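For reference, the structure discussed in these notes is given below.
Fair warning: this is a prediction, and the values are worked out from it, not measured in the lab. Basis for what follows: all heavy atoms, side chains included, without hydrogens, waters or symmetry-related copies.
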Amino acid sequence: MNEPVNQGPQGVRPSLVNVTHLIYGLHAIAVVVGITSSATIAGGFVFGLPSLLAVFLNYWMRSEVRGTWLESHFRWQIRTFWFTVLWLGVYGLFLITVIGIPIAIGVILVLGFWVAYRVVRGWLALNSATPIGG
């Protein structure tokens, strides 16, 4: 993965920016699958092949972006994935109780909007070649 010193925005190799775009694209595909299928947005995001591949790429390429503005995007993407997993667990706990089903429905709806927001906000920041907050 060592390329010539062809530096793009803020001293980052263009290929790393492209990989980050690919990762956001994979996450976006998972969101669209969640919207257009019987899966929920959060379920499609966590259990869909595009997002699983995206998270794999995040961890695999993480050392390549360390110390650059792209590191914040990788951290953003990884945290989005794992917080979604956590909240799906909370959703599942509410879902198994009769009294918690209305709360579960609220959790899954808010979680879906949150995931979509994180993907869009992160990708817009990447397009502007700026880091993204925690």
Can you check whether [Y]'s main-chain N or O pairs, donor with acceptor, with [X]'s side chain at less than 3.5 Å?
X	Y	result
Arg118	Trp76	yes
Ser72	Ile132	yes
Thr130	Ala125	yes
Thr97	Phe94	yes
Trp87	Val107	no

Between [Y] and [X], is there a side-chain heavy-atom distance shorter than 4.5 Å?
X	Y	result
Trp69	Leu126	yes
Leu88	Phe47	yes
Leu70	Val17	yes
Ile103	Tyr91	no
Phe45	Thr80	yes
Tyr59	Ile78	yes
Gln77	Val119	no

So which heavy atom on [X] is nearest to which on [Y], and how close?
X	Y	value
Ala30	Ser51	CB-OG, 3.4 Å
Trp114	Thr84	CZ3-OG1, 3.5 Å
His21	Trp123	ND1-NE1, 2.9 Å
Ile41	Gly112	CG2-O, 3.6 Å
Leu16	Met61	CD2-CE, 3.7 Å

Quick one: do [X] and [Y] end up in the same hydrophobic cluster if we chain Ile, Leu, Val, Met, Phe, Trp and Tyr together by side-chain heavy atoms under 4.5 Å apart?
X	Y	answer
Ile35	Ile108	yes
Val90	Phe83	yes
Leu86	Val46	yes
Leu22	Tyr24	yes
Leu52	Val85	yes

Under 3.5 Å side-chain donor-acceptor pair for His73 and Thr20: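 Looking only at side-chain atoms, Thr20 and His73 do not form any donor-acceptor pair under 3.5 Å.
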One thing to verify: whether Arg13 and Glu64 come together as a salt bridge, which I'm taking to mean a side-chain N less than 4.0 angstrom from a carboxylate O. yes
Quick one, His27 with Val55, criterion side-chain contact (heavy atoms from CB on, under 4.5 Å). Give me CA distance, side-chain angles, the key distance, then yes/no. CA-CA 9 Å; His27 283 310; Val55 170; 4.1 Å; yes
Distance col, row Leu53:CG vs Leu26:CG, nearest 0.5 angstrom, shows 5.0 Å
For Val33, the other hydrophobic cluster members (4.5 Å side-chain criterion, sorted by chain and number) are Ile29
